[in-house]
Participant: 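Before I ask anything, let me first share the structure, which is written out below as structure tokens.
Below, read A as the first sequence line, B as the second, and so on, with proteins coming before strands; counting in each chain starts at 1.
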2 protein chains.
Amino acid sequence: MRSTVEDLTTRARIRDAAIALFGRDGFSRATVRAVAADAGVSPGLVIHHFGSKEGLRQACDQHVLAQTASQGKEKADPSSTRHLIQDYLNHPGQYADEIAYIRRSLGDESDAGNAFFDAVVDQTQGIIEAGIEAGTIRDFEDVRSTAVIIASNSLAMLVLGRHLSRALGTDSGPGTDASETGGISPDLLRQLTLPALDIYTHGFYADARFLDAARDALQHNNATTQGREHAP
Amino acid sequence: MRSTVEDLTTRARIRDAAIALFGRDGFSRATVRAVAADAGVSPGLVIHHFGSKEGLRQACDQHVLAQTASQGKEKADPSSTRHLIQDYLNHPGQYADEIAYIRRSLGDESDAGNAFFDAVVDQTQGIIEAGIEAGTIRDFEDVRSTAVIIASNSLAMLVLGRHLSRALGTDSGPGTDASETGGISPDLLRQLTLPALDIYTHGFYADARFLDAARDALQHNNATTQGREHAP
DNA sequence: TTATATACTAAACACTTGTTCAATCAGCAG
DNA sequence: CTGCTGATTGAACAAGTGTTTAGTATATAA
């Protein structure tokens with residue numbers, strides 16, 4: 001009874017305002033009154049449509065997940081997660097609210113954050129397996145763990161985007177859309193692309209010394225609680 | 001089960017309770033009354049000692065930063081950030097509150113989070129420069145950006161630790177210390193160490209195709225807003 | 001037309017929030 | 001002892017919170 005038809009109704013306006021506010025201020029800091037004001041309705045109507053603030057959150061979770069899931073499946077061929085971010089660059093600001101919402105969900109204890117992370121990992125794993133078969137990606141022993149690491153590294157740019165901008169001085173100044181939403185600016189992504197791909201192509205260490213040392217340490221140290229030489 | 005000694009002053013007890021609660025529930029969700037209850041004092045005394053809830057937060061920021069800064073400078077020689085996490089593994093649960101606090105600070109808009117991230121980047125950069133000189137780390141063109149990427153990747157395990165556990169099924173079950181605090185369990189780190197070091201040693205891609213393509217795309221595309229082929 | 005159901009608002013309710021305040025209590029200087 | 005200062009509390013306050021409720025408008029169906 002819902003979905004596309006009601007998507008232009010008051011209910012959808014409330015939900016979109018909630019997505020924007022939850023993403024910007026977090027779920028607990030954003031108030032029902034602020035959502036109502038942004039949507040141009042009364043606070044009571046928000047409860048009337050969604051039952052409670054928690055119900056509103058679940059509706060937001062569901063909508064954002066459905067939207068990003070359809071987006072993700074469309075562009076899941078050559079590269080991996082960063083393709084989604086790149087797509088966001090070509091349509092700047094369009095998905096800003098949803099992205100900020102996901103960033104908050106990943107940090108909070110949220111079902112939507114869990115589902116999103118798992119979806120990214122699964123998608124990454126599929127890409128790695130296809131890349132291995134095509135010869136473009138190295139043949140890893142533990143594909144699952146590798147996918148988790150790649151997904152974690154990629155999503156780190158989303159979660160820590162604000163810090164990346166600041167640490168590199170690529171901040172376009174206060175008041176910018178990127179610094180407001182914490183998103184990644186095109187300039188920042190351009191600056192980080194080559195160094196990241198360099199590591200992903202030629203590695204970070206000059207040789208296999210650290211890897212061999214860690215492998216030995218872990219083999220000689222399987223049952224004990226000691227786990228030394230994890231670096232970096 | 002509070003920390004080791006009751007030798008602390010009341011002010012310190014309040015601050016430690018606040019660090020634990022702010023880290024577990026976030027600043028806005030944690031209430032002054034809950035902090036007071038955990039510290040065994042009245043809500044008014046919290047305000048008496050710290051002026052306001054915001055003052056309490058700044059005291060927590062200052063204390064956690066001072067503690068982690070001294071910790072960081074002690075172990076800043078061979079490896080990088082993960083050395084800090086590894087040290088945390090050898091002393092399980094001891095720094096759990098501070099780590100959860102930092103994880104929350106990195107996600108929220110917090111001065112402590114900014115300072116911590118910048119400190120990790122600076123420390124990582126120093127390690128990279130030393131490694132380049134020693135020949136253990138590859139000679140990167142843009143050391144700063146590389147340091148930011150490495151720091152981001154490392155801190156991602158902190159921020160996204162809960163998702164890593166779940167996606168790998170290494171969760172030691174609900175009620176565990178790791179799943180409560182969102183920290184990284186020793187098992188999880190052991191499982192991720194070799195795949196991560198494998199990427200950091202031999203790279204992720206099988207050859208330089210993606211890197212070359214991205215370099216060409218960025219050179220031919222300097223002034224425009226288009227920025228294609230960032231992968232993965 | 002009436003009747004019914006729904007969208008919607010304004011106001012109030014019950015509760016929690018951070019904070020204040022007067023009043024104790026303990027230690028210490030004179 | 002008195003007097004003073006800071007720690008500490010219990011109660012209260014003002015503002016904000018999510019939610020409820022009574023009531024109004026609107027539209028659709030009979």
Side-chain angles (χ1 to χ4, degrees), chain A residues 1-63 101 104-105 108-112, chain B residues 2-3 5-63 101 104-105 108-112:
Chain A
M1 315 337 171
R2 47 169 88 130
S3 69
T4 47
V5 184
E6 284 191 357
D7 262 4
L8 300 170
T9 62
T10 307
R11 183 188 156 101
R13 275 207 338 270
I14 296 173
R15 183 205 56 209
D16 289 349
I19 290 174
L21 277 182
F22 289 167
R24 202 191 63 186
D25 302 333
F27 178 73
S28 65
R29 255 163 290 193
T31 70
V32 172
R33 280 174 171 80
V35 171
D38 273 27
V41 299
S42 70
L45 191 61
V46 176
I47 304 297
H48 170 73
H49 275 300
F50 298 94
S52 66
K53 191 188 181 185
E54 182 58 35
L56 175 59
R57 169 189 223 160
Q58 289 179 11
C60 293
D61 282 6
Q62 194 171 333
H63 185 256
Y101 188 92
R104 269 269 147 68
S105 300
D108 295 354
E109 203 101 11
S110 152
D111 291 340
Chain B
R2 282 281 123 237
S3 288
V5 233
E6 285 288 331
D7 202 9
L8 300 169
T9 66
T10 306
R11 184 188 153 96
R13 264 194 5 255
I14 296 173
R15 183 205 56 209
D16 288 350
I19 289 174
L21 276 182
F22 288 168
R24 202 190 62 183
D25 302 333
F27 178 74
S28 64
R29 256 164 289 192
T31 70
V32 173
R33 281 176 170 81
V35 171
D38 272 27
V41 299
S42 69
L45 191 62
V46 176
I47 304 296
H48 170 74
H49 275 299
F50 298 93
S52 67
K53 192 188 179 184
E54 182 58 37
L56 175 59
R57 168 190 224 159
Q58 289 179 11
C60 293
D61 281 6
Q62 194 172 334
H63 184 256
Y101 187 91
R104 270 278 149 72
S105 300
D108 295 354
E109 203 102 11
S110 152
D111 292 341

Participant: Can you name the nearest heavy-atom pair linking Val35(B) to Ala17(B), along with the distance?
Facilitator: O-CB, 3.9 Å
Participant: Could you please name the option among dT9(D), dT19(C), dT19(D) that lies closest to any side-chain atom of Ser52(B)?
Facilitator: dT19(C)
Participant: Give the minimum heavy-atom separation between Phe22(B) and Leu56(B), together with the two atoms involved.
Facilitator: CZ-CD2, 4.0 Å
Participant: Can you measure Phe22(B) atom CZ to dG18(C) atom C1' for me and round it to whole angstrom units?
Facilitator: 12 Å
Participant: Distance check needed: dT19(C) P versus Arg57(B) CZ, whole Å only.
Facilitator: 13 Å
Participant: dT19(C) P sits how many Å from Phe50(B) CZ, rounded?
Facilitator: 13 Å
Participant: Using whole Å, what does the distance between atom C1' of nucleotide dT20(C) and atom CD1 of Ile47(B) come to?
Facilitator: 10 Å
Participant: Take atom CG of Asp25(A) and atom P of dT17(D), then tell me their distance rounded to the nearest Å.
Facilitator: 11 Å
Participant: For Thr31(A), report the nucleic acid contact type (base, sugar-phosphate, nothing); a contact means any heavy atom under 4.0 Å.
Facilitator: sugar-phosphate
Participant: Need one value for Val41(A): base, sugar-phosphate or nothing, where a base atom within 4.0 Å counts as base even if backbone is also close, heavy atoms only.
Facilitator: sugar-phosphate
Participant: Judged by each residue's nearest nucleotide on DNA chain C, which is more toward the 5′ side, Gly44(A) or Val32(B)?
Facilitator: Gly44(A)
Participant: Can you identify which nucleotide, out of dT20(D), dC8(C), dT19(C), has its nearest atom closest to the Thr10(A) side chain?
Facilitator: dC8(C)
Participant: Rounded to the nearest angstrom, tell me the gap between atom CZ in Arg33(A) and atom C1' in dT19(D).
Facilitator: 9 Å
Participant: Under 3.5 Å, is there a donor-acceptor pair between the side chain of Arg33(B) and the main chain of Pro43(B)?
Facilitator: no
Participant: Are the charged groups of Asp108(A) and Arg29(B) less than 4.0 angstrom apart, N to O?
Facilitator: yes
Participant: Which nucleotide in the set dA7(C), dT17(D), dT8(D) lies at the smallest distance from any side-chain heavy atom of His49(A)?
Facilitator: dA7(C)
Participant: Check every atom of dC8(C), dA7(D), dT9(D) against the side chain of His48(B) and return the nucleotide holding the closest atom.
Facilitator: dA7(D)
Participant: Select base, sugar-phosphate, or nothing to describe what Ala30(B) touches, counting heavy atoms under 4.0 Å on all strands.
Facilitator: sugar-phosphate
Participant: Hey, is the main chain of Arg24(A) close enough, under 3.5 Å, to the side chain of Arg104(A) for a donor-acceptor pair?
Facilitator: yes
Participant: Quickly work out the Phe27(B) CZ to dG18(C) P distance and round it to whole Å.
Facilitator: 8 Å
Participant: Look at the side chain of Leu45(B) and decide which nucleotide, out of dT19(C), dG18(D), dA7(D), has an atom nearest to it.
Facilitator: dA7(D)
Participant: In whole angstroms, how far is the C1' atom of dT17(C) from the CD atom of Glu54(B)?
Facilitator: 15 Å
